[in-house]
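To start, the structure itself, in structure tokens.
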Amino acid sequence: MVLKVYVSGMSGNKEVKKRQQRVLMILDSKNIQYDTVDITEPGKEGEKEMMQNKSTSNGGTVSDPDPRHPLPPQIFNDADYCGDYDAFDMANEIDTLEVFLKLAPADTTAVSSAQIELKQENGDAKKEEDGEKEKATEKDEAAPAEEAATEANGEAGEKAERQVSATTTAATATAVDQPTTDSDRLLESERAATAL
């Protein structure tokens, strides 16, 4: 099967020229064999008529959104119509260009055993890397948590020691200076209240 790209070598529309160049550049970059058919060359009237009759998409541009005849580039695989620039560009973007160009079967589930083995090897290597990363992440996450717990325990311990010390001091002071009268008790409670 021969892939044919119908172009216009004498188009005055810059957008058509850019689209033609882009299609050819993408096909070249992907090493896809194709024939270019310039419909403006003398003797190509039959090819031009065939392109216009078989094209189901008109290849509208911004400057001419609804042309009378399909604009190049139009892509065919032998006599089978593949599509215009917009369909080509979309297939390229979603990585289904070979299917669009009818170069590969539409069922892409038939993958070679070498590709499956490679994916499995890469998957196993990836799983090992992921396992190592998880262990390292767990260690990194555990370290700050342990430090925070130790710090919190240390602060709690210091606070508890201060409270015990204050209670002991207050109890000692109370035992030594036991107020004997109601007025002494009232003064003592006011001092304790202001101390807090």
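Worth saying up front: this structure is predicted, and the values here are computed from it rather than measured. For the numbers below, each heavy atom of this structure counts, side chains included, while hydrogens, waters and symmetry mates do not. We number each residue from 1, following the sequence as shown.
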Testing the basics here: between [X] and [Y], what is the closest heavy-atom pair and its distance to 0.1 Å?
X	Y	value
Phe76	Cys82	C-SG, 3.9 Å
Pro72	Ile39	CG-CD1, 4.1 Å
Lys102	Asn77	O-ND2, 3.1 Å
Glu47	Val37	CB-CG1, 3.9 Å
Gln74	Ser55	OE1-OG, 3.5 Å
Asp84	Ile75	O-CD1, 4.0 Å

Is the CE atom of Met10 crowded by more than 12 outside heavy atoms at less than 6.0 Å?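 Not more than 12 within 6.0 Å, no.
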
For Glu49, look at atom CD and say whether over 12 heavy atoms of other residues, nucleotides or ligands are found less than 6.0 Å away.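 Counting neighbours around CD of Glu49, 12 or fewer heavy atoms of other residues, nucleotides or ligands fall under 6.0 Å, so no.
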
In terms of hydrophobic clustering (I, L, V, M, F, W, Y; side-chain heavy atoms under 4.5 Å; direct or indirect links), are [X] and [Y] co-clustered?
X	Y	answer
Met51	Val23	no
Leu3	Tyr81	no
Phe100	Leu103	yes
Leu97	Val7	yes

Distance (rounded to the nearest 0.5 Å) between Arg19 CZ and Glu15 CD: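 It is 4.5 Å, given to the nearest 0.5 Å.
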
Separation between NZ of Lys48 and OG of Ser8, rounded to the nearest 0.5 Å: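 Separation between the atoms: 8.0 Å.
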
Using a 3.5 Å distance criterion without hydrogens, assess whether the side chain of Asp38 forms a donor-acceptor pair with backbone atoms of Thr40.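 Such a contact is found between Asp38 side chain and Thr40 backbone.
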
[X] vs [Y] side-chain heavy atoms within contact, under 4.5 Å:
X	Y	value
Tyr6	Met50	yes
Tyr85	Leu71	no
Gln20	Val5	no
Ile32	Glu98	yes

Please evaluate residues Leu101 and Tyr34 with respect to the criterion side-chain contact (heavy atoms from CB on, under 4.5 Å), reporting the C-alpha separation (whole Å), side-chain torsions for both, the decisive distance (0.1 Å), and the verdict. CA-CA 10 Å; Leu101 297 172; Tyr34 63 92; over 6 Å; no

